[in-house]
Amino acid sequence: MPFPRLYKLFFDALGNKNRIKILDALRGGPMSVSQLCRATRLEQSHVSHNMCCLVTCGFVSVERRGRHRIYSMNGPITRKLFSLIDSHLKRYEDHFCECGVINKKGRVSRHE
């Protein structure tokens, strides 16, 4: 691994449940902050705070449309990345749920 520090930062950026909710919502297409708030059920301050990280780290792009900022997943590479993650999770779902290292409480339900 050539850049262990960058790998850690990359996964730290994705390791926040609110950022995951936002990215999941953006899979459906571009959205404004108010649309993201409705889709994720997060407060505007939480969405805005996490959008800063997602834009800075290159997961999300922003475009101005009049007075609004419209956010979207940042290009085909980001979409492909999440497609690959989905494939991995689907294949190893039970393994993630059973991993005692990442699940400190032991086995985790598939539906949590």
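Since the structure is predicted, the reported quantities are computational estimates derived from the model, not experimental observations.
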Output all residues satisfying side-chain contact (heavy atoms from CB on, under 4.5 Å) with Ile77, sequence neighbours left out; order by chain, then residue number.
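By the side-chain contact (heavy atoms from CB on, under 4.5 Å) rule, Ile77 matches no residue at all.
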
Atom pair [atom1] ([X]) and [atom2] ([Y]), whose distance is rounded to the nearest 0.5 Å:
| X | Y | atom1 | atom2 | result |
| --- | --- | --- | --- | --- |
| Lys90 | His88 | NZ | NE2 | 14.0 Å |
| Ile85 | Lys80 | CD1 | NZ | 12.0 Å |
| Leu14 | Leu81 | CG | CG | 7.0 Å |

In a table with atom names and distances, give each donor-acceptor pair under 3.5 Å that connects a side chain of residues 58-71 to protein atoms at least two apart or in another chain.
unit_1 : atom_1 : unit_2 : atom_2 : d
Ser61  : OG     : Ser72  : OG     : 3.2
Glu63  : OE2    : Arg65  : NE     : 3.3

**OP:** Give every residue pair that meets the ring-ring contact (aromatic ring centres under 6.0 Å, His included) criterion with at least one member in residues 17-50, sequence neighbours excluded.
**Re:**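 Of all non-adjacent pairs touching residues 17-50, none passes ring-ring contact (aromatic ring centres under 6.0 Å, His included).
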
* When clusters are formed by joining ILVMFWY residues with side-chain heavy atoms under 4.5 Å apart, either directly or through shared neighbours, do Tyr92 and Phe11 land in the same one? ->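 Result: yes, single cluster for both.
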
| said: Tell me whether Leu9 shares a hydrophobic cluster with Phe3, the cluster being built from Ile, Leu, Val, Met, Phe, Trp, Tyr side chains joined at under 4.5 Å. | reply: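 Yes, Leu9 connects to Phe3 through the hydrophobic network.
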
> Can you list the residues that meet the side chain to side chain donor-acceptor pair (under 3.5 Å) rule with Gln44, with sequence neighbours excluded?
Replying inline: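 Per chain and number, Gln44 pairs via side chain to side chain donor-acceptor pair (under 3.5 Å) with Ser48.
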
Subject >> Residue pairs involving residues 8-21 (criterion side-chain hydrogen bond (donor to acceptor under 3.5 Å, both in side chains); sequence neighbours excluded) >> reply: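 Sorted pair list: Lys8-Asp12, Arg19-Asn50.
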
Enumerate donor-acceptor pairs with a distance under 3.5 Å from any side-chain N or O in residues 22-42 to protein atoms, sequence neighbours excluded.
unit_1 : atom_1 : unit_2 : atom_2 : d
Arg27  : NH1    : Asp86  : OD2    : 3.1
Arg27  : NH2    : Phe82  : O      : 3.2
Arg27  : NH2    : Asp86  : OD1    : 3.3
Arg27  : NH2    : Asp86  : OD2    : 2.6
Ser32  : OG     : Ser34  : OG     : 3.1
Ser32  : OG     : Gln35  : N      : 3.2
Ser32  : OG     : Gln35  : OE1    : 3.3
Gln35  : OE1    : Ser32  : N      : 2.7
Thr40  : OG1    : Leu36  : O      : 2.6
Thr40  : OG1    : Leu42  : N      : 3.3

